[in-house]
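For ligands, and for the atoms within them, numbers begin at 1 and follow the listed sequence. Just so it is clear, the model here is predicted, and its values are computed rather than measured.
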Amino acid sequence: MMKTTVKSLERSRQNLFIGGRFVEPKSGNYSASYDPTTGESWYEFAEAEAADVDAAVAAANSAFRNPAWRRMTQTDRGRLVRKLADLALERADELAAIETRDNGKLIKEMRAQMRAMPDSYHYFAGMADKLQGDTIPVNKLDMLNFNVREPLGVVGMITPWNSPLMLLTGTLAPCLAIGNTVVIKPSEHATASTLALAELITEAGFPAGVVNVVTGAGRSAGEALTRHPGVAKYVFTGSTETGRRIAANAASNLTPCSMELGGKSPHVVFADVDIERAVNGVVSGVFAAAGQTCVAGSRCFVEASIHDRFVEALVARTGRIKVGHPMLDDTDIGPLALSAQLTKVESYVASGLREGARIAAGGKRPQTDELSRGWYFEPTVMVEAQNDMAFMRDELFGPVVGIMPFSSEEEMISLANDTRYGLASGIWTQNIDRAMRFANQIEAGTVWINTYRSSSFMSANGGFKESGYGRRGGFEVMREFSRLKNIILDYSGAMQDPFVIRLK
Ligand code: NAD
């Protein structure tokens, strides 16, 4: 068991966080969470079922109505969110170690993420007292017509296992700043960091029930939450298939959703670039985090005139990538987070070979004793790829890139847009006119020009097509998590004919 000062992790069994307390699940059932470097269990999390989810939603609804939260001034709410940011910064390295142990992501990346995360809490905390409505002309005398923005109520958040805390922050921080209450259902493959955050929520002084965490499987805890009539909005981050299911569940209660789903993002390289720089960008776009990022640039289109030189440089760079234990600072790629993920990646590489693609680098589990127990996969470059091959159509969520040549801008745009997804995209070129033509025509929520995976919590991000709807980040998110109420006030004091609508 890892030594940590986060109290919930000093126990090898973790409970649910409901109404400000850690409580046992009503069923008494727990499941193992596995360390991806060894495949061994390192703690057990509680399996919430419908009755636990009911209790969490009830606690969140009661907190929403509690004057201690509902009538807290906006400035004080912002102050609480800032306090949470300060506590998260104090514990950043500890939270990073928990993430790495739970999902196998690199400790150096998790430390950077956790040290940066509090900035985004501060950014959203600052919005607590800046969300404003408007006054509207009414064409009647002595009457005021205005809109106010108010919180929605209980927001249900369902999160994935890759970077759980960072992905949660982009919605939790603004939700709290606006005055919503929250029930979080983290992925059953990485629950520990969200439970650690729950402790900080209490320490920061949020009233009980404002934040609740129900752990458990998607098919039980997740289903119960997404069918619950007491939830005002769902925020889902995960696969397109699960998103479709959740949207259908939510529709039965007419509950709106914000969906951040999967991707199969195109990464385009033109002949006018510095090849080494573009190679570095493509490597960072698809191999960072062992390819387990929603924006992974997994379909790479290279201008035909430099295709062979580019592939040669990419293969050489890929050969220098160090696959290793995620706690070591010189590791570039750690294991995949789940054994099922490893099997999935292997089977897609095999199907790519059957469909006519060729492996130019990687393509298998590393063959060293030291890594044989973990869920590692070599960074893999597949050439002679085609958009209709299964590994180019579906999201693998692993370190595999397919390369295709193109001969004209028109061909490139049509190939790049030939996908059911529309999350992100990237282009490498020195020609700004061409870069902007790409930006205008690509069907994706994010466009990177001469960079990839750069992100900012100050801009609104989200998907097109089957990559989802709704936006995270920037001021836009404040509209996502609040609702408009129109208020009309008559201060004329006049007696009206009750059967005739007043025209002036
Ligand atoms: P997943 O869809 O398997 O699971 C995500 C969450 O949904 C988990 O908490 C899971 O328990 C829950 N869930 C599963 N079935 C459910 C059901 N029937 N009802 C309610 N909840 C249910 O995704 P994952 O494997 O954890 O994460 C990887 C996926 O997430 C990839 O597709 C990736 O692209 C996507 N992702 C998207 C973004 C983005 O911002 N667009 C960010 C990160 C990850």
Side-chain angles (χ1 to χ4, degrees), residues 31 33 36 45 47-50 53 102-103 105 113 156-171 183-191 193-194 213-228 231 234-252 255 257-265 286 288-298 336-342 344-345 394-398 419-424 444-446 453 455 457 459-473 477:
S31 291
S33 192
F45 61 88
E47 283 286 356
E49 288 175 4
V53 171
D102 225 8
N103 65 14
K105 289 186 85 174
Q113 245 184 38
M157 297 184 176
I158 298 116
T159 55
W161 46 262
N162 66 320
S163 302
L165 275 194
M166 194 200 69
L167 291 168
L168 179 67
T169 301
T171 50
V183 177
I184 307 165
K185 209 298 282 168
S187 164
E188 56 272 46
H189 304 298
T191 55
S193 59
T194 307
V213 182
V214 285
T215 53
R219 66 177 179 282
S220 45
E223 283 282 323
L225 182 58
T226 54
R227 289 173 181 277
H228 205 290
V231 176
Y234 294 105
V235 180
F236 174 66
T237 311
S239 63
T240 295
E241 287 59 40
T242 308
R244 219 185 290 282
R245 167 107 196 160
I246 289 176
N249 286 350
S252 63
T255 308
C257 301
S258 160
M259 292 276 169
E260 290 275 347
L261 309 176
K264 194 75 198 172
S265 299
V286 72
Q292 301 169 112
T293 63
C294 50
V295 294
S298 48
L336 298 176
L338 320 175
S339 68
Q341 201 53 38
L342 177 61
K344 176 177 171 185
V345 171
D394 298 342
E395 184 183 45
L396 269 59
F397 228 54
T419 168
R420 65 190 172 111
Y421 295 111
L423 194 57
T446 295
R453 281 183 88 223
S455 65
F457 48 78
S459 51
N461 292 114
F464 288 5
K465 295 159 60 175
E466 292 189 26
S467 290
Y469 49 84
R471 289 294 177 265
R472 312 276 164 88
V477 81

May I ask you to identify, for N461, whether its side chain, its backbone, both or neither come under 4.0 Å of ligand 1 on a heavy-atom basis? neither
Decide whether an N or O pair under 3.5 Å exists between S239 and ligand 1. yes
To check you understand the geometry: which heavy-atom pair defines the closest contact between M259 and G243, and what is its length? CE-O, 3.4 Å
Under 3.5 Å, is there a donor-acceptor pair between the side chain of Q341 and the main chain of L396? yes
Is there a polar contact between ligand 1 and N162, counting only N or O atoms under 3.5 Å apart? no
Could you identify the single nearest non-hydrogen protein atom to atom 9 (O) of ligand 1 and state the distance to 0.1 Å? T159 O, 2.8 Å
Using a 4.0 Å heavy-atom cut-off, which part of P186 comes near ligand 1: side chain, backbone, both, or neither? backbone
How far apart are the C-alpha atoms of T191 and K185, what are their side-chain angles, what is the distance that settles it, and do they pass the side chain to side chain contact (heavy atoms under 4.5 Å, CB included) test? CA-CA 9 Å; T191 55; K185 209 298 282 168; over 6 Å; no
Verify, without hydrogens or angle tests, whether T446 (side chain) and A424 (backbone) share a donor-acceptor contact under 3.5 angstrom. no
To the closest 0.5 Å, what do you measure between CG (N103) and OG (S163)? 6.5 Å
For S467 and L423, which heavy atoms make the closest approach, and how far apart are they? OG-N, 3.2 Å
Donor-acceptor pair, Y421 side chain versus T240 backbone, under 3.5 Å? no
With the threshold set at under 4.0 angstrom, would you say S163 reaches ligand 1 through any of its heavy atoms? no
What protein heavy atom sits nearest atom 32 (O) of ligand 1, and how far away is it? E395 OE1, 2.5 Å
Side chain, backbone, both or neither: which part of L225 has a heavy atom under 4.0 Å from ligand 1? neither
Any N/O pair W161/ligand 1 closer than 3.5 Å: yes
Give a yes or no answer on whether the side chain of E47 reaches the backbone of A217 with a donor-acceptor pair at less than 3.5 Å. yes
For ligand 1, does E223 get within less than 4.0 Å through its side chain, its backbone, both, or neither, judged by non-hydrogen atoms? both
If you measure from each non-hydrogen atom of L261 to ligand 1, which part falls under 4.0 Å: side chain, backbone, both or neither? backbone
Return a yes/no value for S467: is any of its N or O atoms, backbone included, closer than 3.5 angstrom to an N or O of ligand 1? no
Taking atom 42 (C) of ligand 1 as the point of reference, which of G262, A337, C294 owns the nearest heavy atom? C294
